Number of protein chains: 2
Amino acid sequence: MKSPSQPRDRGIPEATVARLPLYLRALHGMAERGIATVSSEDLAVAAGVNSAKLRKDLSHLGSYGTRGVGYDVEYLVYQISRELGLTQDWAVAIVGVGNLGRALANYGGFVSRGFRVAALVDADPEVVGDTIAGLNVEHIDDLEAVIKRRGVSIVVLATPAAAAQEVCDRVVAVGVTSILNFAPVVLSVPESVDVRKVDLSIELQILAFHEQRKAGGPLMAVDSQ
Amino acid sequence: MKSPSQPRDRGIPEATVARLPLYLRALHGMAERGIATVSSEDLAVAAGVNSAKLRKDLSHLGSYGTRGVGYDVEYLVYQISRELGLTQDWAVAIVGVGNLGRALANYGGFVSRGFRVAALVDADPEVVGDTIAGLNVEHIDDLEAVIKRRGVSIVVLATPAAAAQEVCDRVVAVGVTSILNFAPVVLSVPESVDVRKVDLSIELQILAFHEQRKAGGPLMAVDSQ
DNA sequence: CCGACTTTGTGCATCGGTTCACAAAGGGAT
DNA sequence: ATCCCTTTGTGAACCGATGCACAAAGTCGG
Ligand SMILES: NC(=O)c1ccc[n+]([C@@H]2O[C@H](COP(=O)([O-])OP(=O)(O)OC[C@H]3O[C@@H](n4cnc5c(N)ncnc54)[C@H](O)[C@@H]3O)[C@@H](O)[C@H]2O)c1
Ligand SMILES: NC(=O)c1ccc[n+]([C@@H]2O[C@H](COP(=O)([O-])OP(=O)(O)OC[C@H]3O[C@@H](n4cnc5c(N)ncnc54)[C@H](O)[C@@H]3O)[C@@H](O)[C@H]2O)c1
């Protein structure tokens, strides 16, 4: 038995990283349905991408397929999970337990992929001390202590926009380097910190742009002027 | 007075469209603070992008700046808003009024940008009939009627994954061509329909990938092998 | 009215990502 | 053991996006 190909390149393209979770989701579904082996073509359809792209993406992790056959589902799940760092558990803290923070805290979909909501933090005395999704809401004054105590490495920011930068600065100061930001502000962080943002309002605006094009289309009269 | 430059090109790059809302947000902040004029450099910093990129983006809309001075804040707000189709009101329906749907319904940030939550729809008899954020939750059986009656043109999907494709098919069948999907599934739609997806789990997985790299870093021992 | 200064708008080189298309690899049938 | 069929892995062309760097345009002080 020859040695299986090593993870070939430590530099995986960002676009590929963003798609790996998609493949993983599709593969999990297949594993559940008892599918043992899958071709790049079938997996690509399930994940909603082009099959050449899928193969190139996977080739960045190593050579895990068998020509003429396809990919072993279980094995590929493992390889992608390992690459994404999902073989370990990640402790996540949610700061800002309002409408959105609550929804996130109650969401079961995170746990299933190796993420554990380990702490909820808020500034409002009305909210602090409440139990949400089995967790005690802690006070923002204890932010640093909570993060250290619970081993939090990823922080989700769901505070109002005005508070986001300050909270961000504080978590960065205690060593957090991964932040998921829901507040509609541009966070300023050191280069070493990763911030991903989710802005629903922006998504809607992009949809509106295209919707307008479709409606107004090739030759709609202008409204004014 | 010479005629102002026309919107130069009807084909605006997708990457540019995705950034226009960012500029708009920054500009609104400036307008509120009474700033009348802004340079590409300052606006770029506020929006978190490179100033050359900003100028190129804006140049796709037309030539709205003044050399040596910058851009008129109010005027630029108007031009970007018009380009994005925010001068009109968009009626949005939220289907699936659970944890997430409720958070979205209660969120004030949409209305402020020309989006109006015009309908809430759910399948659960416990939820149907409730009033959330001043809106009556309607039954999924009436989905088509509600969409037509309220003039909904954008649908937000916040149902469980299993129900998303079916709801999607139904709204597409009544003519909706813009969908914002929160369910972790790849929706299958005709080419003419725009689907944007928000998947928090994917965002966390991307963060985890980078976090692992930082931690494991240049030379961490492998766990197995 | 002029000249120095500021800032835009864009040509161009570059880069990362996508897609095509095919040689090489492997499995299974005979 | 050989051949045929399927499917991977990837070289290379292509495409859109980025960012540099600067000429053109316009302002403002004198
Ligand atoms: N709810 C949505 O659907 C939605 C959609 C898009 C964006 N957002 C953004 O997400 C963020 C949260 O939205 P929301 O609707 O949950 O708002 P919310 O007002 O319901 O909740 C905000 C919570 O943050 C807490 N908070 C305020 N200052 C804090 C601080 N300094 N430290 C810790 N906690 C603090 C408040 O006590 C409150 O519980 C906002 O920035 C909002 O713009 C929300
Ligand atoms: N809550 C989160 O933070 C979060 C995060 C990421 C993704 N998501 C995704 O968003 C979706 C909603 O999440 P949630 O936490 O609000 O779930 P939820 O179970 O709280 O809410 C789902 C709602 O959809 C309704 N529903 C079910 N079938 C329906 C149908 N056929 N038509 C109309 N309504 C129907 C249910 O009655 C329920 O009210 C899920 O797909 C979930 O995976 C949620």
Side-chain angles (χ1 to χ4, degrees), chain A residues 1-20 22-23 27 30 35-73 75-76 79-80 83 206 210, chain B residues 1-20 22-23 27 30 35-73 75-76 79-80 83 206 210:
Chain A
M1 182 194 190
K2 74 168 196 301
S3 69
S5 344
Q6 289 291 88
R8 146 175 340 234
D9 189 357
R10 290 275 89 188
I12 295 184
E14 197 51 39
T16 295
V17 173
R19 281 187 297 266
L20 291 179
L22 229 54
Y23 305 152
L27 286 165
M30 289 172 173
I35 298 172
T37 277
V38 67
S39 70
S40 63
E41 185 56 39
D42 290 353
L43 181 53
V45 168
V49 303
N50 174 308
S51 73
K53 183 151 57 178
L54 174 100
R55 288 198 298 277
K56 185 149 288 187
D57 282 344
L58 294 184
S59 78
H60 286 114
L61 314 194
S63 197
Y64 297 137
T66 306
R67 294 174 191 229
V69 176
Y71 301 88
D72 182 90
V73 173
Y75 187 55
L76 199 51
Q79 290 299 342
I80 296 178
E83 193 65 40
I206 296 171
H210 293 294
Chain B
M1 181 192 189
K2 74 170 196 297
S3 70
S5 342
Q6 288 291 89
R8 141 179 343 235
D9 190 358
R10 291 275 85 189
I12 296 185
E14 197 51 38
T16 295
V17 173
R19 281 187 296 266
L20 290 180
L22 230 55
Y23 305 152
L27 286 165
M30 290 171 172
I35 298 172
T37 277
V38 67
S39 70
S40 63
E41 186 55 40
D42 289 353
L43 182 52
V45 168
V49 303
N50 174 307
S51 72
K53 184 153 52 180
L54 174 103
R55 286 197 300 276
K56 186 151 289 186
D57 283 343
L58 293 184
S59 78
H60 286 114
L61 314 193
S63 199
Y64 297 136
T66 304
R67 294 174 191 228
V69 176
Y71 301 88
D72 182 273
V73 172
Y75 187 54
L76 199 51
Q79 290 299 342
I80 295 178
E83 194 63 43
I206 296 171
H210 292 294

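Below, read A as the first sequence line, B as the second, and so on, with proteins coming before strands; counting in each chain starts at 1. Since this is a predicted model, take the numbers as computed values, not measurements.
Nearest nucleotide to the K56(A) side chain, out of dT18(D), dT18(C), dG17(C): dT18(C).
Following rounding to the nearest Å, E14(B) (CD) and dT18(C) (C1') show an atom-to-atom distance of 16 Å. Spacing between atom CG of L54(B) and atom P of dT18(D) amounts to 12 Å, rounded to whole angstrom units. Following rounding to the nearest Å, I12(A) (CD1) and dG16(C) (P) show an atom-to-atom distance of 16 Å. When the C1' atom of dG9(C) is taken as reference, atom CG of L76(B) falls 14 Å away, rounded to whole Å. Atom P of nucleotide dT19(C) and atom CG of D57(A) are separated by 11 Å, given to the nearest angstrom.
Scored by the side-chain hydrogen bond (donor to acceptor under 3.5 Å, both in side chains) test, T16(B) finds D57(B) as partners (sequence neighbours excluded).
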Report summary line: Reading nucleotides 3-8 of chain D from 5' to 3' and marking B where a protein heavy atom lies under 4.0 Å of the base, S where only the sugar-phosphate is that close, and - otherwise, the string is ---BBB

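Expressed to the nearest 0.5 Å, how far CD1 of I35(B) lies from CG of L27(B) amounts to 10.0 Å. For the atom pair E83(B) CD and Q79(B) CD, the distance stands at 8.0 Å (nearest 0.5 Å). Taking OG1 of T37(B) as the start and CE of M30(B) as the end, the distance is 11.0 Å to the nearest 0.5 Å. Here the NE2-CG distance, from H60(B) to L20(B), works out to 10.5 Å after rounding to the nearest 0.5 Å.
Within residues 43-53 of chain B, the residues having any heavy atom closer than 4.0 Å to DNA chain D are, in order of number, N50(B), A52(B), K53(B).
Overall, the helix from dC1(C)-dG30(D) to dT30(C)-dA1(D) carries an axis bend of 10° between its ends, with five pairs at each end and the value rounded to 10°.
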Requested in this report: Give the C-alpha distance, both sets of side-chain angles, the deciding distance and a yes or no for side chain to side chain contact (heavy atoms under 4.5 Å, CB included) between Y23(A) and I80(A).
Outcome: CA-CA 8 Å; Y23(A) 305 152; I80(A) 296 178; 4.0 Å; yes

Shorter than 3.5 Å, N or O on both sides, protein versus nucleotides 3-5 of chain C: list them out with atom names.
none

Let me have the donor-acceptor pairs involving side chains of residues 65-72 of chain B, under 3.5 Å, with sequence neighbours excluded, atom names and distances please.
from   : atom 1 : to     : atom 2 : distance (Å)
D72(B) : OD1    : E74(B) : N      : 3.3
D72(B) : OD1    : Y75(B) : N      : 2.9

Donor-acceptor contacts, no H, no angles, side chain residues 45-54 of chain B, under 3.5 Å, sequence neighbours left out:
from   : atom 1 : to     : atom 2 : distance (Å)
N50(B) : OD1    : A52(B) : N      : 2.6
N50(B) : OD1    : K53(B) : N      : 3.3
S51(B) : OG     : E41(B) : OE1    : 3.2

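Two residues are said to be in side-chain contact when any heavy atoms from C-beta on lie closer than 4.5 Å; L43(A) and V73(A) fail this criterion.
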